[in-house]
Chemist: 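Handing you a structure now.
Each ligand, and each atom within it, is numbered from 1 in the order the structure gives. Keep in mind that the numbers below use all heavy atoms, side chains included, and drop hydrogens, waters and symmetry copies.
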Amino acid sequence: MVHRFLLLLSVAFFFAPLAHAQSSLVAQPLPPEQFAACVKGLAGHTGSAGRPLKRDDFLRIASTAKYDDRVRQSMLVQTGEPTFWWDDIAATTDEQRVAEGREVLAREAELLAKIEQRFGVPREIVVGIYGIETNYGPAAGRIPVLDAAVSLACLRPCSPGAATCGSRERAYAAVRLLRDNKVKPESFVGSWAAAFGRTQFVPDSYEQLAVDMDGDGLADVIGSLPDALASAANHLRRRGGWIAGAPVYIEVKVPAGQQREFTPTGKSIRLTDRAMKVSEWAAMGWQAVGAGGASLPLQAAGDPVVVPFLPVGLPGPAFLVSRNFNTIFRYNNSDRYVMEVAVLANKLAGGPGIVTPWPTDDPGLSRAEVKELQAWLMQRGHALVTADGVMGRNTRDAIEAERARKGLPAGRRVGQRTMRLLMQ
Ligand SMILES: [Ca+2]
């Protein structure tokens, strides 16, 4: 749905729905009087809300919302620091997250079998979403969802006359959840983007897609793991149209004679107009890549339609992706998010993850390695750094200083190679 804010700031960069928000993003915190005026303005549109909402109900609940400037700051962070595929995939699908995901698979085997049967979504994908969204946690973030939703609506106002307006509908939905006692105010906390619960639903998606799996009459994506996981599966099935049995991606080798349009780019390429069945790609000489880089026959159950997806062009990993890629994309609009979930799911199912090397001589760090680096930075006197395994701004500030001290090119990133260089 949307990324957790505090837990995994390093990957929060890809919350794509906000990518376009940069131009309209306010440079300063909203003054209290402006926020209050915004709430009043929002109350004027409840008549056109997607679901019934009385103006008075909105005002009664929304007037308790507090402007939270962490929302604006997080939007700024998202549009700021550059991030790299190889860093994010390394951190989000590291050994620890795979090991913990396998524990969830074992512990919740019965529940996951039921979810798989009811929604047709593989258990590894469901657990993959859980792992990427909240690191298998009960919930993520600590901003009251109402505050986040109303702040977002005020920071990213709708264009006048817009027929639909996502940020406004999200605020209305947050109000309705409180009005209808679907959530407890004290536990209704989440990310800066108003995503809450174990699989990070936003209020509007909750209204449309959350389900009650444990049978207590309430779809509780915060307190109930069955409800949270089933709701994620329902989202994939209903909103995205999950194709049972189809892989999200197949890692491939592009035949030498067909590489030209992917080389060299450095840019992400997804050729959505090049949809063909897996067997048709195979007939054109495309091959699958197996563990260790071995070439394998290209095939998939049901022979789904797929399109080429090259996250950074060639050289680099290449994939054919099915409609299930788009389906996960609708859960959280980011190519990188989709691949994080799918690669984690692949590893959970015993697969090799991404086999083809990324085009870097300085591959990304696991969270354990980031922690080790942070502990070293703290020893070096960088007082603001904490060893939490997350590449946040303070860690990057310290990296920038240490790189300069060591005479390395200016930068705010560290991979395997530069980590050794710095720490030797
Ligand atoms: Ca329930």
Chemist: Would you name the N/O/S atom of D227 that lies closest to the Ca ion (ligand 1)?
Modeler: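 That would be atom OD2.
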Chemist: Counting only N and O atoms by type, is there a donor-acceptor contact under 3.5 Å from the side chain of N346 to the main-chain atoms of G353?
Modeler: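 Between the backbone of G353 and the side chain of N346 there is a qualifying donor-acceptor contact (under 3.5 Å).
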Chemist: Would you check if the Ca ion (ligand 1) lies under 3.0 Å from any N, O or S atom of L218?
Modeler: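 Yes, L218 qualifies, because one of its backbone or side-chain N, O or S atoms lies under 3.0 Å.
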Chemist: Just wondering, do I399 and M391 contact through their side chains at under 4.5 Å, heavy atoms?
Modeler: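 Side-chain contact under 4.5 Å: yes.
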Chemist: Do the rings of F262 and W286 sit parallel, tilted or perpendicular, given the 30° and 60° boundaries?
Modeler: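 F262 and W286: perpendicular rings.
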Chemist: As a test of reading the structure, name the N/O/S atom of D214 that is nearest the Ca ion (ligand 1).
Modeler: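 In D214, the heteroatom (N, O or S) nearest the Ca ion (ligand 1) is OD1.
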Chemist: Relative to the ring of F188, is the ring of F196 parallel (under 30°), tilted (30 to 60°) or perpendicular (over 60°)?
Modeler: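 Geometry flag for F188 against F196: perpendicular rings.
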Chemist: Of all N, O or S atoms in D216, which has the smallest distance to the Ca ion (ligand 1)?
Modeler: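 Going by distance to the Ca ion (ligand 1), the closest N, O or S atom in D216 is OD1.
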Chemist: Tell me, please, which residues at least two apart from R238 pass salt bridge (Lys or Arg N to Asp or Glu O under 4.0 Å).
Modeler: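 Testing R238 for salt bridge (Lys or Arg N to Asp or Glu O under 4.0 Å), a comparison that skips the adjacent residues, returns none.
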Chemist: Counting backbone and side-chain atoms alike, does D212 have an N/O/S atom under 3.0 Å from the Ca ion (ligand 1)?
Modeler: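 Yes - counting backbone and side chain alike, D212 has an N, O or S atom under 3.0 Å.
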